[in-house]
Number of protein chains: 2
Amino acid sequence: MNENNADAGAGRRTQLRDRLIDIAQETIAAQGLDGLKARDLAAAAGCALGAIYTAFHDLDELILRVNARTLARLELALGAAFVDAEAEQALEAMARAYLSFARKEEPSWRALFEHRLPPGAPVPAWYADARNRLFSRLDAPLAQLLPGKDATARAALARTLFSAVHGVIALGLEEKIAETPPKLLDEQLGLLIRLLAAGLMMESARLI
Amino acid sequence: MNENNADAGAGRRTQLRDRLIDIAQETIAAQGLDGLKARDLAAAAGCALGAIYTAFHDLDELILRVNARTLARLELALGAAFVDAEAEQALEAMARAYLSFARKEEPSWRALFEHRLPPGAPVPAWYADARNRLFSRLDAPLAQLLPGKDATARAALARTLFSAVHGVIALGLEEKIAETPPKLLDEQLGLLIRLLAAGLMMESARLI
DNA sequence: CAAGAAAATGAACGGTGTTCATGCCGAATT
DNA sequence: AATTCGGCATGAACACCGTTCATTTTCTTG
């Protein structure tokens, strides 16, 4: 009598999984990673405490699932920034989009980096994929900017540029480290982009 | 009858404080921030569980104390890199020293950024001081490189450069995010330095 | 030496993630 | 249609965490 929803392929197990991911996502978005408690989650989902562990092996697995969604949204936000403009402008737009996303969804964004899986646990392939898709967004403008570099060097460069931008934003938004007012952070991000762009132009000149 | 040690000014309270900081430092250095447990700490210090809270208000306060020591060691490691060489080389040496320190003392270094104090709690002044001392290490080479900039702009730039280098190193050493082999990380850090240095030279030329 | 203050003690408290014996319910079989 | 059976939901119980506080011990001081 139930089961009249669209995705008929989803069994009860999958239904509970999705519901838990939804609720965990909202909780993390509102209260951060530390706000996610097993008992509250079960209460909000209307299921028993133990039911969580029939759907996921860990809370860690659930968190990774939420983080994968955050990565997807972030990828979307970065993708919208690249309007087949000049490569350098595209990179700047992506950096600004990253800062904008971090500000708009700070707790969810924080959770991407605060969460650590238990020592020795391997990163699931589907999570590594989501992470690599994000980095690959930088590939097109980099290919345009540095036609001489091969794909693996470009991928490494993409990670490095992402990491540099991330570092400035992460520490800039962190009270404990820097306490940077918003306007100053905007300026400093712009400065970093200028510095890196100048270096990239020099690099591209070296390779011709 | 006791108290025959050198620092006669240290009372029992201070003695316990220092002992706890010592042990916490070793624990964090060996097992990371998550390895620090109140009961283990008390057992290792040979004191009761409650005694910890007569010496510190929180474990957080104790952790901040350990982190301040780590900042001091880091400052030392960075200071040794600046042998009144050319400014650009000094900056590169500092970045490499930072990577070297992060590798050599990875759990302690991680603890600097993993630890978050409870929401709303202000950063103690003595901790902010230690952090600012670290950034100010970059000031001398930057002043040499960009004589036109005033002190506040230099301080902001110092934080930005530090953050960029930190981002590349932090994400590079992070398994979950990047999984970068050591040699590649060395190369990518060198690349970042090259890019930033080129940008800085351009910036300094703009200001003359 | 006695009396008071200060510090150390560790059992207990409230919270956490995770497990597991139990009961229930739905589906397949006869 | 009755019955068996397998698997999932259940939530009390477990192990562990940081922190507190009544009590005991220790030290200082008049």
Side-chain angles (χ1 to χ4, degrees), chain A residues 1-5 8-21 23-25 27-28 31-67 111 114-121, chain B residues 1-5 8-24 27-28 31-67 111 114-121:
Chain A
M1 198 67 88
N2 307 352
E3 291 291 351
N4 54 355
N5 51 359
R12 291 198 172 19
R13 184 195 199 93
T14 304
Q15 240 176 305
L16 178 60
R17 271 179 70 96
D18 289 348
R19 190 149 38 105
L20 287 173
I21 298 176
I23 296 172
Q25 177 177 336
T27 303
I28 291 175
Q31 308 170 238
L33 201 52
D34 295 341
L36 186 70
K37 314 285 171 178
R39 282 165 182 79
D40 295 349
L41 180 63
C47 70
L49 181 56
I52 296 174
Y53 299 90
T54 68
F56 302 96
H57 176 262
D58 260 340
L59 280 196
D60 282 329
E61 187 191 339
L62 172 58
I63 292 170
L64 281 185
R65 232 74 218 204
V66 173
N67 280 352
E114 281 179 8
H115 174 68
R116 318 223 160 275
L117 27 84
Chain B
M1 199 65 89
N2 309 351
E3 292 289 356
N4 53 356
N5 50 2
R12 290 198 174 16
R13 183 194 200 93
T14 304
Q15 238 176 306
L16 178 60
R17 270 179 71 95
D18 290 348
R19 189 151 35 106
L20 287 174
I21 297 176
D22 286 342
I23 296 172
T27 303
I28 290 175
Q31 310 169 235
L33 200 52
D34 295 342
L36 186 71
K37 314 285 171 177
R39 282 167 182 78
D40 296 349
L41 180 64
C47 72
L49 182 56
I52 295 174
Y53 298 90
T54 67
F56 303 96
H57 176 262
D58 262 341
L59 281 195
D60 282 330
E61 187 190 340
L62 171 59
I63 292 170
L64 280 184
R65 233 73 219 204
V66 173
N67 280 352
E114 282 180 6
H115 175 70
R116 317 216 162 281
L117 27 82

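- The side-chain hydrogen bond (donor to acceptor under 3.5 Å, both in side chains) check on Arg19(B) picks up nothing, with sequence neighbours excluded.
- For the pair Leu62(B) CG and dT19(D) C1', the computed distance is 14 Å after rounding to whole Å.
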Restricting to nitrogen or oxygen on both sides, can you table the protein-nucleotides 18-21 of chain C pairs closer than 3.5 Å?
{"from": "dT18(C)", "atom 1": "OP1", "to": "Asp58(A)", "atom 2": "OD1", "distance (Å)": "2.9"}
{"from": "dT18(C)", "atom 1": "OP2", "to": "Tyr53(A)", "atom 2": "OH", "distance (Å)": "2.8"}
{"from": "dT18(C)", "atom 1": "OP2", "to": "Leu59(A)", "atom 2": "N", "distance (Å)": "3.2"}

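- Taking the salt bridge (Lys or Arg N to Asp or Glu O under 4.0 Å) definition, one finds that Arg39(B) meets it with nothing, sequence neighbours left out.
- Rounded to an integer number of Å, the gap from Ile52(B) CD1 to dT19(D) P is 9 Å.
- If you measure from atom CD of Glu61(B) to atom C1' of dG18(D), you get 15 Å, rounded to the nearest angstrom.
- The separation between Leu16(B) atom CG and dA8(C) atom C1' is 9 Å, rounded to whole Å.
- In this structure, the helix from dA3(C)-dT28(D) to dT30(C)-dA1(D) shows an angle of 10° between the axis at its start and the axis at its end, each fitted on 5 base pairs and rounded to 10°.
- Contact annotation for Leu36(B): backbone-only contact, meaning every heavy-atom pair under 4.0 Å involves sugar-phosphate atoms and none involves a base.
- Remark: P of dT19(D) and CG of Leu20(B) are 13 Å apart, rounded to the nearest angstrom.
- The distance between atom NZ of Lys37(A) and atom P of dG15(C), rounded to the nearest whole Å, is 11 Å.
- Listed by first and then second residue, the salt bridge (Lys or Arg N to Asp or Glu O under 4.0 Å) pairs that reach into residues 42-65 of chain A are Arg17(A)-Glu61(A), sequence neighbours excluded.
- The minimum heavy-atom distance linking Leu16(A) with Ala51(A) is given by the pair CD2-O, 3.8 Å.
- Take Gln31(A) and apply the side-chain hydrogen bond (donor to acceptor under 3.5 Å, both in side chains) test, not counting sequence neighbours, and it matches no residue.
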